[in-house]
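These notes concern the structure reproduced below.
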Amino acid sequence: MNVMSKSSEVMKKGWKVSMTPDDIYRHPMDIAWTFNYELSGDKVEELYKRAKQNQWDSDEYLPWHIDVDPSKPLINARSDIYHQMPFFKKLSKSQRETFTAHSTAQLLSQFLHGEQGALMTAACVTHSVPDATAKLYAATQTMDEARHVEVYARYCDKIAMVYPMSPWLKALIDATLTSDRYEKVMIGMNMIVEGLALGAFNNMYRTTQCELLKKLTFNVMRDESRHVSFGHIYLGPVIAKLDEAEREDLADFAFQAVSILTGAGTANTIASRVDPGFMEVLANSGIDADDFFAGLQEAEDAGIVQELPPGQIHSIKDLMMPALARVGLITPTVRKKYEEAGIPIFDDLRVLEAMEGGHPVAA
Ligand SMILES: [Fe+2]
Ligand SMILES: [Fe+2]
């Protein structure tokens, strides 16, 4: 199969869906002035200083001269859970390689679209958070996210493939962007989306064979670890001071956001978890969708595709749920909702704290 000719179709579709009138929202949110310019002298100020010191210019820092062959897998196939499926082993080598190239492009496209969402949420926090130091920090995050959009757009351009934004990711970021208070924006982005991203970046860093993508991912990940830290060190004390009804409102928002992510509330079949972009990946790889899902079901039934390879991170279990639990957003009321929805709660902080503490790569 000619990967490049398929790629250009994908790219056209990808850019087209990002330009519809449905993607423009009118949304009034509180905008907070402050005239107390004194910096906080606490961990938020430390984080702001770290963010200033760790700014980087992708033009200077990344080896853009490296050629990337989009027809060759960008990640080590052994780390791809699909390669463990018996069905997958029956495909031809070229089909497997094409699938890996396209599914990686689809994932990188989600990084790109997600970064645009992060850019907008960080700007939103900058104007709506009432604290001066938090405003300055949020401005550094806005610049970080601009850089992330730039580097992923440039990398996707190198492989000449951009897949559309996954509907669940768009729904999650839209719920965050159109929420009614900055605390919810931070819960949706700095705890949930960035927890998800940090795990996905860690796994990409560990599995990619492309030197450019490896270095790009490492630098993005270092920025993201600050963003996740901000969700904890600024928002934790804010949540602790809220009254019960307000905290419950935030906890419920977090539950709704996690539900979007996990697909709770919809029929939890394999097909329902798959988005149109992934169906395009299968079509571009010449794999029949029915055969693929039957193969995936067979592998799930046999317990083959449940476990991640060593060193890879499970974003929900290791990063997102512990972050929500740590700031008191798993209240008794929402705990019941998680249980009813079949979403397990995890509160082991070890991986999260290691990644926040300047060790952006999981041990
Ligand atoms: Fe980012
Ligand atoms: Fe971020």
Side-chain angles (χ1 to χ4, degrees), residues 18 44 47-48 50-58 61-62 107-129 134-156 162 165-166 169-170 172-177 179 182-205 208 213-235 257 261 313 315-316 318-320 323-324 352 355-362:
S18 66
V44 180
L47 202 58
Y48 171 59
R50 210 166 101 199
K52 283 194 298 180
Q53 287 157 1
N54 290 346
Q55 291 295 311
W56 51 282
D57 180 353
S58 77
Y61 221 73
L62 296 181
L107 179 60
L108 288 168
S109 303
Q110 304 320 305
F111 292 173
L112 169 61
H113 303 312
E115 294 293 356
Q116 185 192 169
L119 171 65
M120 294 190 283
T121 57
C124 178
V125 172
T126 308
H127 74 227
S128 56
V129 72
K135 275 189 191 297
L136 299 190
Y137 167 79
T140 66
Q141 182 169 336
T142 308
M143 181 59 221
D144 292 345
E145 307 299 7
R147 182 169 51 244
H148 299 173
V149 172
E150 178 203 329
V151 295
Y152 281 114
R154 204 163 159 188
Y155 193 86
C156 286
V162 176
M165 189 171 191
S166 293
L169 181 61
K170 180 126 190 319
L172 178 56
I173 296 182
D174 279 350
T176 300
L177 273 170
S179 65
Y182 79 87
E183 295 96 327
K184 290 182 185 172
V185 176
M186 285 185 62
I187 290 166
M189 182 51 65
N190 297 71
M191 292 185 172
I192 295 176
V193 177
E194 285 173 333
L196 180 72
L198 199 51
F201 293 152
N202 171 78
N203 298 345
M204 178 62 80
Y205 173 78
T208 184
L213 184 56
K214 203 172 188 74
K215 196 161 184 194
L216 182 161
T217 308
F218 183 82
N219 283 283
V220 168
M221 209 165 30
R222 206 165 62 145
D223 293 342
E224 294 301 339
S225 69
R226 285 196 302 276
H227 306 169
V228 171
S229 288
F230 182 57
H232 174 224
I233 64 178
Y234 181 72
L235 204 55
L261 176 63
I313 284 180
S315 297
I316 298 177
D318 294 324
L319 300 171
M320 197 183 298
L324 295 173
L352 176 63
M355 294 192 81
E356 287 172 336
H359 303 286
V361 181

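We count ligands from 1, going down the list as the structure has it; atoms in each ligand are counted the same way. Sequential numbering from 1 along the given sequence is applied to the chain's residues.
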Salt bridge (charged side-chain N to carboxylate O under 4.0 Å, His left out): pairs with one or both residues in residues 186-198, sequence neighbours excluded: none

Centroid-centroid under 6.0 Å between Y155 and F111 rings: no

The Fe ion (ligand 1) contact by H148, N, O or S atom under 2.8 Å: yes

Short N/O/S contact of E194 with the Fe ion (ligand 1) (below 2.8 Å): no

Side chains of H113 and Q116, donor plus acceptor under 3.5 Å: no

The Fe ion (ligand 2) contact by E224, N, O or S atom under 2.8 Å: yes

Of all N/O/S atoms in E115, the name of the one nearest the Fe ion (ligand 1): OE1

Whether E145 has an N, O or S atom under 2.8 Å from the Fe ion (ligand 1): yes

Atom name of the N, O or S atom in H227 that lies nearest to the Fe ion (ligand 2): ND1

Contacts of K184 that satisfy salt bridge (charged side-chain N to carboxylate O under 4.0 Å, His left out) - sequence neighbours left out: D180, D249

Carboxylate-amine/guanidinium contact R147 D223, below 4.0 Å: yes

Ring centers of Y137, F230 separated by less than 6.0 Å: yes

D223 N/O/S atom closer than 2.8 Å to the Fe ion (ligand 2): no

